[in-house]
Each structure stands twice: as C-alpha cells, then as structure tokens.
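Below you'll find the structure, written out as structure tokens, and then a few comments.
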Amino acid sequence: MENSQVIGIDLGGTAIKLGRFASDGTCLLALSVPTPQPSTPEAVLAAMVEAIAEIDPDQHAIAIGVGTPGPADALGRIAKVAINLKGWYDVPLADWLEAKTNRRTILANDANCAGLGEAWLGSGRRFKNLILLTLGTGVGGAVILDGELFVGHQGSAAELGLITLNPDGPICNSGNRGSLEQYVSVTAIRRRTGTDPAELAVLAKAGDTGALNFWQEYGRDLGIGLTSLIYVLTPEAIIIGGGVSASAEFFLPFVKAEIEQRVLPTSRMGLQILAAELGNSAGIVGAAKLAFSKLLS
C-alpha cells in the first residue's frame, strides 16, 4: 500500500468535493464540482464519474472512498438515505462506481468520514479512542474505538446528536424529543436567540452580556450531552468541529466545567477536548482513509 493512491469524495447537497491522496496523506490534487440539480442518483453518479476522470486521468488511484450525507449500510455498499438529495433510498452507489470506474469503492456517512479524517491527519491523530462531534445545521458525530471507525451492526451507529438531553424538549426530526441537536445545532441557536452563531460570537467578543450568557448556557448544554457519551465510551479525546466550533473560545470553558462536575475522574482521566483542525477538507481526507482501509481488508 506504500505507493498506492486513492480518491476521497465528499458528496454534499450543493457540491461534490474530491481529492486524490498518497498513502502518507498528501493530497496530490483536489477538485470541487457542483452537485447536479435535481440531484437524482443517476445524475450524481454521472457527475462523480466525470470528476473522477478529471482528477485522475491516468488512473493512478486504485480505490475510492465516498462520504454520503446520510447512513450507509454496514458493509459500505449502499447509501440508505441521503439527506438533501432527491430520490436517494437504498442506492447501491459502491457497485455503480465500481462498474463505471473499475476501482474498489466503499461508502460511509459523511460525519464518519470527518471523524476518520481528524483521526488520521487532524486533531485526533495522537489518539486511538475518540469522539468527533460536528456542530452545524444539525449535529453529526463519529466514534473511533481502538483506531477503528465504529458503525454498529447495521451501519447506523454514532448518531450522537440524537441522544436525549431533555425528554420534554422540542420535537426532533428523528422522532425523539429534546435531542442534543435541538439545543446545540446552528438551527437550534437561531431558534433560541433569533441570531446566527457568527453574530453571537462578534457580540461576545465585544463584551455583550446577553451573548456571553448565551454561550455559557450553550456550553452547559453541550457539556451535559457529552457527559452521557463519556460515561459510555470513555474516549481519550473529544473533537469539536462544524461551523459553531469557530466560537469555541466562548463556550468550551463551560463545557469542560460541566464535564468535571458531572463525570467521575476515573471516566475522564486524561480526557482532552479539542477543536477540529481539518475544516471543510475533513470529509475527503476521511473518505480517502476509508479507501485505504478497504485496500488493507
């Protein structure tokens, strides 16, 4: 595998991002193309095949990893559902790409790919057991246990944003009530304050009392949610990513204080809470790592 190359793909509702990677994690070439509209499986497949040919015209890459905006099956063959993509239900995307490109292909949820990316080349590279939490429009997550991505027996594990924070809280699209996502996502912040997180960060930096109080409350809610995850998984590190993480300086101290208060020292010994490092490239980096893992298996 030492001199092998793979392609990592991050499939999103507005853009398809691709990177061709060497085995040491060097990105040799990157590309972003618009997601076709309407984004039917057939249209997206055609766009992906064309972009793969553009990023790797000489066919150096021998495997492809794809992060999809929704759960994949446990074997990484089928995109069960893809959020914000039209008509995506049980799409055998790995089979389709293998047939079109003659390269081994594997799929995973995009949050899982982000977790793999941070574990490989980002904030999690020094740890074997970690949690990634992405605080964006929704709240996604990934769990790495003993260096391996944990997906559960059906491939849908680590929906970390859907754990219950308040049993009587707002109704969640999942059917749950008061899920963590309903308190710490961008959507939740807008609902709670009528303001975007970036604006709240500017206000907090200027010393606005209302904004500072909000971030304190936000950190407390996030810390309570993380407490449950820590007791179950006892990770070495928790990595916070997604757009809201840009405001971490205002809420992270309160996250840590809540965890110290609520979690036994034996369950949080050596725990580090870190900001993600890879930003928008985490998805393609993790998809590439997924492809390298496919080669090894």
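- Within the model, atoms CD1 of Ile106 and OG of Ser293 stand 7.5 Å from one another, a figure rounded to the nearest 0.5 Å.
- A distance-only check finds no donor-acceptor pair linking the side chain of Ser247 to the backbone of Phe250 [under 3.5 Å].
- Heavy-atom minimum distance, Ser179 versus Gly161: CB-O, 3.6 Å.
- Using a 4.0 Å cut-off between a side-chain N of Lys or Arg and a carboxylate O of Asp or Glu, Asp221 and Arg192 qualify as a salt bridge.
- Residue Val263 is grouped with residue Ile224 when hydrophobic side chains (ILVMFWY) are merged at heavy-atom distances under 4.5 angstrom, including chains of intermediate members.
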In residues 275-284, what donor-acceptor pairs under 3.5 Å come from side-chain atoms, sequence neighbours left out?
unit_1, atom_1, unit_2, atom_2, d
Glu277, OE1, Arg125, NH1, 2.9
Ser281, OG, Leu278, O, 2.7

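- Among all heavy-atom pairs drawn from Glu98 and Arg104, the shortest one is OE2-CA, 3.5 Å.
- How far CD of Gln37 is from NZ of Lys86: 11.0 Å, rounded to the nearest 0.5 Å.
- Taking the salt bridge (charged side-chain N to carboxylate O under 4.0 Å, His left out) definition, one finds that Glu249 meets it with Lys205, sequence neighbours left out.
- Remark: Asp95 CG is packed, more than 12 non-hydrogen atoms of other residues, nucleotides or ligands lying under 6.0 Å away.
- Counting only N and O atoms by type, the side chains of Thr164 and Asn176 include a donor and acceptor under 3.5 Å apart.
- In this structure the side chain of Leu135 reaches within 4.5 angstrom of the side chain of Leu222, judged on heavy atoms.
- Between the Arg20 side chain and the Ile55 main chain, a donor and an acceptor come within less than 3.5 Å of each other.
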Which pairs of donor and acceptor atoms, one on a side chain in residues 230-238, lie under 3.5 Å apart (sequence neighbours left out)?
unit_1, atom_1, unit_2, atom_2, d
Tyr231, OH, Arg262, O, 2.8
Tyr231, OH, Leu264, N, 2.9
Glu236, OE2, Lys128, N, 2.9
Glu236, OE2, Asn129, N, 2.8
Glu236, OE2, Asn129, ND2, 3.4

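- With hydrophobic clusters built from ILVMFWY side chains whose heavy atoms lie under 4.5 angstrom apart, Leu226 does not share a cluster with Leu162.
- Asp24 contributes a side-chain N or O that, together with a main-chain N or O of Thr26, makes up a donor-acceptor pair within less than 3.5 Å.
- Other residues, nucleotides and ligands contribute more than 12 heavy atoms inside 6.0 Å of the CD atom of Glu42.
- In the displayed structure, Ile171 atom CD1 is contacted under 6.0 Å by at most 12 heavy atoms of other residues, nucleotides or ligands.
- When all heavy atoms are compared, the tightest approach of Gly124 to Leu130 is O-CD2, 3.5 Å.
- Counting only heavy atoms from C-beta outward, the side chains of Trp96 and Val49 never approach each other to under 4.5 Å.
- Side-chain atoms of Arg77 and Leu107, non-hydrogen and from C-beta on, never get closer than 4.5 Å to each other.
- For the pair Pro41 and Leu93, the minimum side-chain heavy-atom distance is 4.5 Å or more.
- In this structure the side chain of Arg191 reaches within 4.5 angstrom of the side chain of Gln182, judged on heavy atoms.
- With rounding to the nearest 0.5 Å, the separation of CG in Leu75 from CD in Gln154 is 10.0 Å.
- Aromatic ring orientation, Tyr218 versus Trp215: perpendicular (interplanar angle above 60°, classes split at 30° and 60°).
- Shown here for Ala287 and Val66, the closest heavy-atom pair between the two residues is CB-N, 4.1 Å.
- The shortest non-hydrogen separation linking Ile144 to Ala119 is CG1-CB, 4.2 Å.
- In this structure, the side chain of Asn109 engages the main chain of Asn112 through a donor-acceptor pair within 3.5 Å.
- Tracing side-chain contacts under 4.5 Å through hydrophobic residues (I, L, V, M, F, W, Y), one never reaches Leu229 starting from Phe254; they form parts of separate clusters.
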Output, in order, the C-alpha distance, side-chain angles, deciding distance and verdict of side-chain contact (heavy atoms from CB on, under 4.5 Å) for Asp168 and Arg177.
-> CA-CA 6 Å; Asp168 300 315; Arg177 293 189 73 100; 5.6 Å; no
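- At distances below 3.5 Å, at least one donor-acceptor pair connects side-chain atoms of Thr187 with backbone N or O atoms of Thr137.
- Judged purely by atom type and a 3.5 angstrom limit, Ser185 has no side-chain atom pairing as donor or acceptor with the backbone of Tyr183.
- Met269 contributes atom CE, which lies 6.5 Å from atom OG1 of Thr266 (distance to the nearest 0.5 angstrom).
- A salt bridge is defined here as a Lys NZ or Arg NE, NH1 or NH2 lying under 4.0 Å from an Asp or Glu carboxylate O, and Asp73 with Lys80 fails to meet this definition.
- Put simply, the side chain of Thr35 gets close to the backbone of Ala15: a donor and an acceptor are under 3.5 Å apart.
- The pair Glu118-Lys289 does not meet the salt-bridge criterion, since no charged nitrogen lies less than 4.0 angstrom from a carboxylate oxygen.
- In the hydrophobic clustering of ILVMFWY residues, with side-chain heavy atoms under 4.5 Å counting as a link, Ile239 and Phe251 come out apart.
- Summarising the geometry of Gly241 relative to Leu132, their closest heavy-atom pair is N-CD1, 4.4 Å, with the distance given to 0.1 Å.
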Under the side-chain contact (heavy atoms from CB on, under 4.5 Å) rule, what do Thr134 and Ile240 come out as? Steps first, then yes or no, please.
-> CA-CA 6 Å; Thr134 56; Ile240 307 295; over 6 Å; no
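- Here the side chain of Asp208 pairs a donor or acceptor atom with the backbone of Gly210 at under 3.5 angstrom.
- Using a 30° and 60° split on the angle between ring planes, Phe21 and Trp120 fall in the tilted class, from 30° to 60°.
- Formation of a donor-acceptor pair under 3.5 Å by the Thr193 side chain with backbone atoms of Thr195 is found in this model.
- Residue Ile9 forms a side chain to side chain contact (heavy atoms under 4.5 Å, CB included) with just one option from Leu290, Leu31, Ile64, and that option is Ile64.
- A heavy-atom distance below 4.5 Å is not found between the side chains of Trp88 and Val81.
- Rounded to the nearest 0.5 angstrom, Ile131 CD1 and Ile273 CD1 are separated by 9.5 Å.
- The shortest side-chain heavy-atom distance between Asp10 and Asp110 falls under the 4.5 Å cut-off.
- Leu165 and Leu160 fall within a single hydrophobic cluster, where Ile, Leu, Val, Met, Phe, Trp and Tyr are joined by side-chain heavy atoms under 4.5 Å apart, directly or via other members.
- The closest side-chain heavy-atom distance from Ile62 to Arg103 is not below 4.5 Å.
- Distance CG/Leu212 to CD/Glu217: 13.0 Å, rounded to 0.5 Å.
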